[in-house]
Enquirer: 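Supplied in C-alpha cells, the structure appears directly below.
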Amino acid sequence: MAIERTFSIIKPDATKRNLTGAINAVIEKAGLRIVAQKRVKWSNAQAEAFYGVHKERPFFKDLVSFMISGPVVVQVLEGENAVAKYRDVMGATNPANAAPGTIRKEFAESIEANSVHGSDSADNAKIEIGQNFTDAEIVG
Ligand code: CMP
C-alpha cells in the first residue's frame with residue numbers, strides 16, 4: 001500500500017475542551033503525519049458545502065449549526081493506508097459503538113459531537129483536502 005493522504009477535522013466539541021493536542025498525540029502515535037493544519041471558524045455556507053452529501057438527512061441542520069458553533073482544526077494526514085488507518089484510529093461514528101483506545105471512545109460526547117471527522121475514501125479525501133487547503137499549505 002502506497003503512502004496516501006486523508007482529510008481530518010477536529011470538531012468544535014473537542015477544540016472547546018482544549019483537546020487538539022491530545023487528539024494529535026493519538027494521530028501521531030498511530031504513525032500518521034500531520035502535513036497540514038489550521039484552526040479556522042467555518043461559515044454556514046462552508047459547513048453546508050462540506051456536508052452537502054448529507055443535505056437530505058434529518059440531522060443536517062443540527063450538524064451544520066454544531067460545526068459553526070466554534071473553531072475547527074482542519075488537517076491533512078499522511079501515511080501508509082492513511083484513509084483506512086485514520087478511520088480505525090477515530091472509531092465508530094457513534095462513540096457508544098467505538099472501540100477502546102479510539103479517539104471517539106476516549107473523547108467524543110455524542111454521535112453529533114463526535115470530536116473528529118475523517119474522509120471515507122481516497123476519492124473523497126482528495127475533494128475534501130482541495131476544499132480546505134492549497135497545495136502550498138501542505139508540506140510533506
Ligand atoms: P462525520 O464523520 O463528520 O460525518 C457526518 C456527521 O454527521 C457525523 O460524523 C456525525 O457527527 C453527524 N451525525 C449527526 N447525527 C448523525 C446520525 N444520526 N448518523 C450519522 N451521523 C450523524
Enquirer: Please give me the minimum heavy-atom distance between Val64 and Ala47, naming the atom from each residue.
Expert: CG1-CB, 3.9 Å

Enquirer: Which heavy atom of Asn124 sits nearest to which heavy atom of Ser121, and what is that distance?
Expert: N-OG, 3.0 Å

Enquirer: Report the distance from atom CZ of Phe60 to atom OG of Ser65, rounding to the nearest 0.5 Å.
Expert: 9.5 Å

Enquirer: With a 3.5 Å cut-off and no angle check, do the side chains of Asn132 and Glu128 form a donor-acceptor pair?
Expert: no

Enquirer: So how far is it from Ile111 CD1 to Arg104 CZ, rounded to the nearest 0.5 Å?
Expert: 9.0 Å

Enquirer: Is the Tyr51 to Phe66 ring centre distance short of 6.0 Å?
Expert: no

Enquirer: Looking at CD1 of Ile10 and CD1 of Ile27, how far apart are the two atoms once the value is rounded to the nearest 0.5 Å?
Expert: 5.0 Å

Enquirer: Does Val83 belong to the same Ile/Leu/Val/Met/Phe/Trp/Tyr cluster as Ile3, with side-chain heavy atoms less than 4.5 Å apart forming each link?
Expert: no

Enquirer: I need the Asp62 CG to Met67 CE distance, nearest 0.5 Å.
Expert: 13.5 Å

Enquirer: Identify the heavy atoms of Leu63 and Glu112 that sit nearest to each other, and give their distance.
Expert: N-OE2, 3.6 Å

Enquirer: Decide yes or no for Phe59 and His54: does some side-chain heavy atom of the first lie under 4.5 Å from some side-chain heavy atom of the second?
Expert: yes

Enquirer: Could you give the distance from CD1 (Ile103) to CD1 (Ile23), rounded to the nearest 0.5 Å?
Expert: 6.0 Å

Enquirer: Taking atom CD of Glu78 and atom OG1 of Thr6, what is their separation to the nearest 0.5 Å?
Expert: 11.5 Å

Enquirer: Using a 6.0 Å cut-off, check whether atom NZ of Lys41 has over 12 heavy atoms from anything other than its own residue.
Expert: yes

Enquirer: Side-chain contact, heavy-atom cut-off 4.5 Å: Val73 with Thr15?
Expert: yes

Enquirer: Is it the case that the side chain of Arg5 and the backbone of Ala125 share a donor-acceptor pair, with hydrogens and angles ignored and the cut-off at 3.5 Å?
Expert: no

Enquirer: Among the clusters formed by ILVMFWY side chains lying less than 4.5 Å apart, do Leu77 and Val116 turn up in the same one?
Expert: yes

Enquirer: Identify the two heavy atoms, one from Lys105 and one from Ala98, that lie closest to each other, and give their separation to 0.1 Å.
Expert: CD-O, 3.3 Å

Enquirer: Does some side-chain heavy atom of Ser43 sit less than 4.5 Å from a side-chain heavy atom of Ile68?
Expert: no

Enquirer: Surrounding CZ of Arg17 (heavy atoms of other residues, nucleotides or ligands, distance under 6.0 Å), is the total greater than 12?
Expert: yes

Enquirer: Only one of Gln75, Gln37, His117 forms a side chain to side chain donor-acceptor pair (under 3.5 Å) with Ser8, so which one is it?
Expert: Gln75

Enquirer: Can you name the nearest heavy-atom pair linking Gly140 to Val35, along with the distance?
Expert: CA-CG1, 3.7 Å

Enquirer: Going by the side-chain contact (heavy atoms from CB on, under 4.5 Å) test, name the single residue among Val26, Asp13, Asn114 that passes it with Phe107.
Expert: Val26

Enquirer: Hydrophobic clusters here meaning ILVMFWY residues chained together by side-chain heavy-atom distances under 4.5 Å, can you tell me if Leu19 and Met90 are in one?
Expert: yes

Enquirer: If you look at every heavy atom in Ala108 and Ser115, which pair is closest and at what distance?
Expert: CA-OG, 3.3 Å

Enquirer: Kindly work out whether a path of hydrophobic side-chain contacts (I/L/V/M/F/W/Y, heavy atoms less than 4.5 Å apart) joins Ile127 to Val74.
Expert: no

Enquirer: Flag yes if Tyr86 and Ile138 sit in one hydrophobic cluster, no otherwise; membership is Ile, Leu, Val, Met, Phe, Trp, Tyr, and two members link when side-chain heavy atoms are under 4.5 Å apart.
Expert: no

